[in-house]
Amino acid sequence: MAPATAKGNLFIISAPSGAGKTTLCKRLRKAFPGLVYSVSATTRAPRPGEVDGRDYHFVTREQFERGIEDGLWAEWAKVHDNYYGTPATPIDQALKQGRSVLLDIDVQGARQLLDRYPEAVTIFIMPPDMQTLEKRLAGRGTDRPEVIARRLENARREMEQKDLYGHVIVNDDLEQAVARLVSLVGSYLDKNQGQGG
Ligand code: 5GP
């Protein structure tokens, strides 16, 4: 049982694709194994290797839409004809128990979440510069130039909204970015009696 005075933090982390968010979040979770990681729900089909309940909660369209009506989602969006949403109950329960929660979510989702959880600690991961981002996006595989251009444009649009976030971390050097992120999150957890680890 957490002490009565303990209070969980909600950490919201966003980044344009190619900024290294997935790696940073993995490292953060390793540093603070007590952080509750929110698993999203989606109506899209699982990809090979994806596990229900770990990568996503895979639900039907009917289940998702019923969830909208019942207010089950802390935020949700429709992306490429599929629904994606963050279940509210696990977040609310964890926070109530004094545990801290990590949400890895895009800018639109973060906006909706801030309406619901104005006290959330928001962190935006930035690539060092557009050239580096372009290289990272292009270096991923065999995508066509127009696909890379579209991703870059999306990234640019997301980066324009970084002022929404309380903290910005530039991922120029991975180890340094991990250290900054761990130190930032750690400082909040310390304040709240180290509930993350
Ligand atoms: P994918 O299908 O490739 O896993 O994800 C497609 C898109 O859905 C990504 O841009 C991802 O950020 C977004 N997404 C995943 N989970 C959620 C969620 O819980 N809420 C919102 N709003 N978007 C999500």
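For ligands, and for the atoms within them, numbers begin at 1 and follow the listed sequence.
The main-chain N or O of Tyr84 is never found under 3.5 Å from a side-chain atom of Thr42 such that the two would form a donor-acceptor pair. Side-chain N or O atoms of Glu75 include none that pairs as donor or acceptor with a backbone N or O of Ala110 at under 3.5 Å.
What sits closest to atom 22 (N) of ligand 1 on the protein, heavy atoms only, is Glu75 OE1, 2.8 Å. Given atom 12 (O) of ligand 1, the protein heavy atom at minimum distance is Asp106 CB, 4.5 Å. Of the protein's non-hydrogen atoms, Tyr84 CB, 3.6 Å is the one closest to atom 24 (C) of ligand 1. For atom 15 (C) of ligand 1, the closest non-hydrogen atom of the protein is Tyr56 OH, 3.3 Å. In terms of protein heavy atoms, atom 3 (O) of ligand 1 is closest to Arg47 NH2, 3.0 Å. Atom 16 (N) of ligand 1 has as its closest protein heavy atom Ser40 OG, 3.4 Å.
Residue contacts with ligand 1, taken as heavy atom pairs separated by less than 4.0 Å, involve Ile105 solely via side-chain atoms from C-beta onward. Contacts of Gln112 with ligand 1, taken as heavy-atom pairs under 4.0 Å, are absent altogether. By the criterion of a heavy-atom distance under 4.0 Å, the side chain of Arg44, and not its backbone, is placed next to ligand 1.
Close approach of ligand 1 to Thr86 is summarised as follows: ligand atoms under 4.0 Å from at least one heavy atom of the residue are 19 (O). Every atom of ligand 1 with a heavy atom of Ala77 under 4.0 Å away is listed here by number and element: 22 (N).
Heavy atoms of other residues, nucleotides or ligands lying less than 6.0 angstrom from CD of Glu146 number more than 12.
A distance of 9.0 Å separates CH2 of Trp73 from OG1 of Thr86, quoted to the nearest 0.5 Å. Between atom CD of residue Glu65 and atom CG of residue Leu72 there is a gap of 13.5 Å, rounded to the nearest 0.5 Å. Between Asn82 atom CG and Thr43 atom OG1 the span is 3.5 Å, to the nearest 0.5 Å.
Cation-pi geometry between Lys162 and Tyr165 is not satisfied (NZ or CZ under 6.0 Å from the ring centre, within 45° of the ring normal).
Between Tyr83 and Phe64, the angle of the ring planes stays under 30°, which puts this pair in the parallel group of the 30/60° scheme.
For atom 10 (O) of ligand 1, no protein heavy-atom neighbour is found at a distance under 4.0 Å.
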